[in-house]
Amino acid sequence: MHASKCLVTGCAGFVGGHLCEKLLAMGHTVAGVDNFFSGHRRNMASFADHPGFRFYETCVTRTDELAKILAGDVPVRVCFHLAAVVSVAWSMDHPDRTMEVNHRASQRLHALCREQNLSTFVFAGSAAEYGETGQAAIKEEAAGPGTVQLSPYGRAKYLTTSLVEQSGYGASLRCFNIYGPRQDPASPYSGVISRFCMQALAGEPVTIFGDGGQTRDFIHVADVVRAYLLAAGLDDSADPPGTPLHGAFNVGRGESTSILELASIIAELAGSRSEPRFFPPRPGDIRHSLADAGKLAAATGFKPVTAMRPGLADTVAWMRVGAAGQS
Ligand code: UD1
């Protein structure tokens, strides 16, 4: 395969770190950008010294800095834009900052990539763009100008996805609930799987918000990384190979798991006897969120390969050893 230089914003994040690792292993070179707002150096540990990797500590709102990186000695060919305010809850208290980072800075970077003729711009969209649809399995058309997102996070992501769609340049991946090794369990905004794994391994009660009957479509980070490669036209297994996608695409497994089921599987895998403890529901929590991922499958043949149990086992195993050594 032809080696490309890629820009990965959010390279010290949970997903960005896995994406960089994969791109470098495939022989691409990577310019990584992060400001450590929610990312961690430890997420870059496996590739920080790789000769094909160069790190730039800056914020994605600094469009002038990004322009310099894009126009480096070897011009960037593909941009993966993952840097963002990643917490729905934080966005509720900081709507202006969320709009600046997740929408306006993204809009500027998109324009820059287009001006500089990058082959594509792949944006980290989100299932949060849909708000409460009332649909069993959500299709991409469910988000439109009249959609009421439940958070500034969802709104800002929607606005950026819309501009990508309307411009005819680039793709937005609306990922559902991503989990896997290296997801930070320690923040109050952490994803439910990382929190449950940490609590179960510590023998503490798992914290359930609401009655635990709410459901999510969980997808392992390794599958999400493959979806990013396909979207950029960088995956050899794609059919046809090497064609960047255009528009918005859901990324999920199309399977529902309730929070109670999740608590029980994680307790079993962790060998923990910790009981669930129930707390009031979180404001703005969606009851059910399930992807219809048919559009991405039809465009690329993409099929997630990591089933729930092995994926959770992988995450628990990492947390047993990896999280203990986190800095
Ligand atoms: C997640 C993402 C968000 C993404 C969205 C897409 C995280 C932190 N957030 O939001 O960026 O855009 O999916 O749909 O990954 N819960 C508990 N106990 C806990 C933690 C959570 O019961 O200790 C419950 C929550 O109330 C919620 C569910 O688990 O019902 C999932 O929560 P969470 O992992 O935070 O993800 P989302 O809110 O779905």
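Residue numbers count from 1 along this sequence. What you are looking at is a predicted structure, and each value in this text was computed from that prediction instead of being measured. FYI, side chains are in, hydrogens and waters are out, and symmetry mates aren't considered; it's all heavy atoms of this structure. Whatever order the structure lists ligands and atoms in, that order sets their numbers, starting from 1.
The number of heavy atoms from other shown groups lying within 6.0 Å of NZ (Lys295) is above 12.
Partners of Arg104 under the salt bridge (Lys or Arg N to Asp or Glu O under 4.0 Å) rule, at least two apart in sequence or in another chain, are Glu100. Every salt bridge (Lys or Arg N to Asp or Glu O under 4.0 Å) that Asp292 has, sequence neighbours left out, goes to Lys139.
Relative orientation of the Phe121 and His81 rings is tilted, given thresholds of 30° and 60° on the angle between their planes. Below 30°, between 30° and 60°, or above 60°: for Phe209 and Phe279 the angle between ring planes is above 60°, a perpendicular geometry.
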Under 3.5 Å donor-acceptor pairs involving side-chain atoms of residues 43-50, not counting sequence neighbours:
residue, atom, partner, partner atom, Å
Asn43, ND2, Ala12, O, 2.9
Ser46, OG, Glu21, OE2, 2.4
His50, ND1, Gly52, N, 2.8

If you look at each N/O of ligand 1, which protein N/O atoms lie under 3.5 Å away, and at what distance?
residue, atom, partner, partner atom, Å
ligand 1, 11 (O), Val86, O, 3.3
ligand 1, 11 (O), Tyr153, OH, 3.4
ligand 1, 12 (O), Ser126, OG, 2.5
ligand 1, 12 (O), Tyr153, OH, 3.3
ligand 1, 13 (O), Asn177, ND2, 3.3
ligand 1, 18 (N), Thr207, O, 2.6
ligand 1, 22 (O), Phe209, N, 2.9
ligand 1, 23 (O), Arg195, NE, 2.6
ligand 1, 23 (O), Arg195, NH2, 3.3
ligand 1, 23 (O), Thr207, O, 3.3
ligand 1, 23 (O), Thr207, OG1, 2.8
ligand 1, 26 (O), Asp285, OD2, 2.7
ligand 1, 30 (O), Gln214, NE2, 3.0
ligand 1, 30 (O), Arg216, NH2, 3.2
ligand 1, 30 (O), Asp285, OD1, 3.3
ligand 1, 30 (O), Asp285, OD2, 2.6
ligand 1, 32 (O), Arg282, NH2, 3.3
ligand 1, 34 (O), Val192, N, 2.7
ligand 1, 35 (O), Arg282, NH1, 3.3
ligand 1, 35 (O), Arg282, NH2, 2.9
ligand 1, 36 (O), Asn177, ND2, 3.2
ligand 1, 38 (O), Arg282, NH2, 2.8
ligand 1, 39 (O), Asn177, ND2, 3.0
ligand 1, 39 (O), Arg216, NE, 2.7

